[in-house]
Amino acid sequence: MWTSVDFFNPVAMAIVLGYCVWALLLQVTVPAPEVTGTQTETGHVPVYKDNGFRCYLITMVGGAILTYVMKTQYGVSPTIVYDIYGDIMGFLLWFGVVVCIFLYIKGHVAPSGKDTCITGYPIYDFYVGTELYPRVFGVDMKVFSNCRFGMTVWPILVMLYALKSYELYGFVDSIWVTTVLQMAYITKFFWWEGGYYRSIDIILDGGGFMICWGCLVAIPSLYCAVSFYMVSHPVNLGPVLSLTILLVGLTSLGLNYLADWQRQTVRATDGNCTIMGRTPQFIRVKYTLQDGEVRNSLLLTSGLWGIARHFNYIPELALALSWSLPSAFNHLLPYGYIIFLTILLVHRSTRDEEKCSIKYGHYWKEYCKKVPYKMLPGVF
Ligand code: NDP
């Protein structure tokens, strides 16, 4: 267990930088069909290689093989990552800032396109980002920091922490419940990564400190805190509690996926689909791009999007609570993620409403009349 932080531990630096090189190589070499993101106000349509699920699978299978070889052939366990976790985070803290300074300067001197978001207030620009879609040698830096780094390091750490727990105590049901739920959530994320390119992180937030540093640093620390805590605080849940929490968590995951699927399907089919076995109800909307071009779209008002305007955030929170509960109630640390996520999603729902209200004008008002609640009917 680490007790002090070395910000320049060469082993920690080699692990992080080695992983970055691996992730970049996969991003560049793993083939996949192209998908497009949301058209920006300047009319630009970002194009992505939809190789997230493949990169994730290759990394996890490669990691499992590496673990087996290290343990059986060399007697070394990759759970060394747990032992020097403080140093890894110490390095990431300043490495993340260096990456963000680079992106800030890049947005000024060599922007990747017309979608710059420079206000002239340096601190604000550094925080939010100077470009919406910064690319370096064709690699989208937001996809790299969010998906290839943050979202992929998360399952690697969760599995390593479960392994560390196993090395210390043998099978402990609670850490496996939280591991299964987090792994199911992350696997769903990568299965759906093409849809993530149309989410608020990507279409609204620039490539700056908030998103890029957040994904490089907050995901490996805050998001993984439950599993990290549970290595040193094993809890025995018993089969009934374990299965109940698993069931609640997996149902929440299914609902969250269904909400994302409904929103995308109704638009992709122009309403020619069924939502929960029925013909979908929606409002046909128009919005205007910066160059004056008028575009059409749909706002779904039935299915899960008829319950509340951001009902999808409720199962997201229920799932996060499900994988936090197995840690019991002796410390606040394992609940750091769910507390953070609650604040983030409530704030995010407000930001999204502002964005949609400006974009859709009176159509948005019509939607709010039909679906009056933001997240939870009768409450908020
Ligand atoms: P949402 O899935 O809530 O989508 C919001 C966007 O969808 C709006 O900006 C609008 O975009 C469009 N939209 C809004 N209402 C409708 C409607 N009725 N019908 C069709 N389209 C509509 O965005 P998020 O990016 O917040 O969430 C994506 C996923 O990521 C969710 O599953 C969420 O739970 C998850 N998430 C996870 C987080 C985490 O840290 N764990 C953080 C945040 C989100 P347009 O301009 O295209 O109309």
Side-chain angles (χ1 to χ4, degrees), residues 36-41 45 142 146-147 150-151 154 181-182 185-186 188-205 210-211 214-215 218-219 222-224 252-271 273 275 280-287 289 295-321 323-324 336-361 363-364 366-368 370-371 373-375:
T36 53
T38 304
Q39 187 174 39
T40 67
E41 285 180 5
V45 178
K142 275 200 301 188
N146 299 16
C147 306
M151 290 303 292
W154 182 1
L181 289 177
Q182 290 179 74
Y185 174 80
I186 296 159
K188 179 224 88 167
F189 172 85
F190 282 108
W191 182 253
W192 168 82
E193 192 186 274
Y196 180 65
Y197 302 145
R198 291 174 174 266
S199 76
I200 298 168
D201 281 350
I202 301 293
I203 64 176
L204 200 57
D205 298 328
M210 181 174 76
I211 281 289
C215 291
I219 296 186
L222 188 62
Y223 283 43
C224 302
S252 306
L253 179 68
L255 282 174
N256 178 259
Y257 180 79
L258 191 63
D260 290 333
W261 180 85
Q262 288 182 353
R263 169 166 79 84
Q264 282 161 11
T265 304
V266 80
R267 283 189 171 173
T269 60
D270 194 34
C273 58
I275 296 292
Q281 292 170 25
F282 50 82
I283 304 170
R284 285 205 181 272
V285 295
K286 288 183 193 296
Y287 61 95
L289 299 178
R295 294 247 156 186
N296 300 309
S297 192
L298 301 177
L299 288 173
L300 180 63
T301 57
S302 64
L304 296 175
W305 294 84
I307 298 176
R309 300 194 295 276
H310 285 94
F311 181 74
N312 53 338
Y313 292 163
I314 299 296
E316 175 95 27
L317 289 169
L319 173 59
L321 185 63
W323 76 55
S324 308
Y337 172 66
I338 174 85
I339 295 168
F340 165 80
L341 189 66
T342 307
I343 298 167
L344 182 134
L345 292 181
V346 169
H347 178 241
R348 194 176 171 106
S349 67
T350 305
R351 287 176 64 217
D352 189 49
E353 301 262 318
E354 280 169 15
K355 182 214 100 179
C356 290
S357 175
I358 293 168
K359 182 173 177 181
Y360 297 120
Y363 296 111
W364 189 256
E366 192 186 331
Y367 176 44
C368 292
K370 278 201 171 170
V371 184
Y373 287 100
K374 252 191 203 174
M375 278 170 74

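Order of appearance sets the numbers: ligands from 1, and atoms from 1 within every ligand. The first residue in the sequence is number 1, and the count goes up from there. Both backbone and side-chain heavy atoms feed into the values below; hydrogens, waters and symmetry mates do not.
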Min N/O separation T38 to ligand 1 under 3.5 Å: no
For atom 19 (N) of ligand 1, the option (of D205, L255, N146, L300) bearing the nearest heavy atom: L300
Closest approach of any protein heavy atom to atom 9 (O) of ligand 1, naming residue and atom: D352 OD1, 2.5 Å
Nearest-neighbour protein heavy atom for atom 3 (O) of ligand 1, which is reported as residue plus atom name and distance: N312 ND2, 3.2 Å
C356: numbered ligand 1 atoms lying under 4.0 Å from its heavy atoms: 8 (C), 9 (O), 10 (C)
Atom 42 (C) of ligand 1: nearest protein contact (heavy atom, Å): L344 CD2, 3.5 Å
Contacting atoms of ligand 1, where contact means under 4.0 angstrom from a heavy atom of R267: 20 (C), 21 (N), 22 (C), 45 (P), 47 (O), 48 (O)
Test item, V371 contacting ligand 1 (heavy atom, 4.0 angstrom): no
Min side-chain heavy-atom separation W305-N312 under 4.5 Å: yes
Ligand 1 to R348 polar contact by distance, N or O atoms, under 3.5 Å: yes
Nearest non-hydrogen protein atom, atom 27 (O) of ligand 1: Y313 CE2, 4.1 Å
Location of contacts on F311 toward ligand 1, heavy atoms closer than 4.0 Å: neither
Check: W323 ring centre within less than 6.0 Å of Y185 ring centre: yes
Which of the ligand 1 atoms, numbered from 1, are nearer than 4.0 Å to a heavy atom of S199: 25 (O)
Distance-only polar pair, side chains of Q39 and R295, donor-acceptor under 3.5 Å: yes
Charged N-O contact under 4.0 Å between E353 and R309: yes
Nearest-neighbour protein heavy atom for atom 11 (O) of ligand 1, which is reported as residue plus atom name and distance: K355 NZ, 3.3 Å
Where G195 and Q264 come nearest, the two heavy atoms and their spacing: CA-NE2, 3.3 Å
Under-4.0 Å salt bridge between K359 and D352: no
Closest protein heavy atom to atom 34 (O) of ligand 1, given as residue, atom name and distance to 0.1 Å: E316 OE1, 2.5 Å
Under 3.5 Å: N/O of I200 near N/O of ligand 1: yes
Nearest heavy-atom neighbours spanning Y337 and E316: OH-OE2, 4.4 Å
For atom 15 (N) of ligand 1, closest protein heavy-atom neighbour: W305 CZ3, 3.7 Å
Atom indices of ligand 1 within 4.0 angstrom of N256 heavy atoms, with elements: 32 (O), 34 (O)
Note: R198-D260 ion pair, threshold 4.0 Å (strictly below): no
Enumerated ligand 1 atoms positioned under 4.0 Å from heavy atoms of D260: 2 (O), 29 (C), 31 (C), 32 (O)
Mutual orientation of the aromatic rings belonging to Y367 and W364 [parallel < 30°, tilted 30-60°, perpendicular > 60°]: perpendicular
Heavy-atom nearest neighbour of atom 12 (C) of ligand 1 within options M151, R263, K370: R263
Ligand 1 versus H310: contacting region, heavy-atom distance under 4.0 Å: side chain
W192 and F189 aromatic ring geometry - parallel, tilted or perpendicular at 30°/60° bounds: perpendicular
Ligand-residue contact atoms, ligand 1 with Y360, heavy atoms, under 4.0 Å: 45 (P), 46 (O), 48 (O)
Numbered atoms of ligand 1 (with element) below 4.0 Å of Y185, judged on heavy atoms: 37 (C), 41 (N)
Residue pair F282 / T301: nearest heavy atoms and the distance that separates them: N-OG1, 3.6 Å
Ligand-side contact atoms (ligand 1) for residue partner L341, heavy atom cut-off under 4.0 Å: 39 (C), 40 (O), 41 (N)
For ligand 1, the portion of L345 having any non-hydrogen atom under 4.0 Å away: side chain
Protein contact to atom 40 (O) of ligand 1 [nearest heavy atom, distance to 0.1 Å]: Y223 OH, 2.8 Å
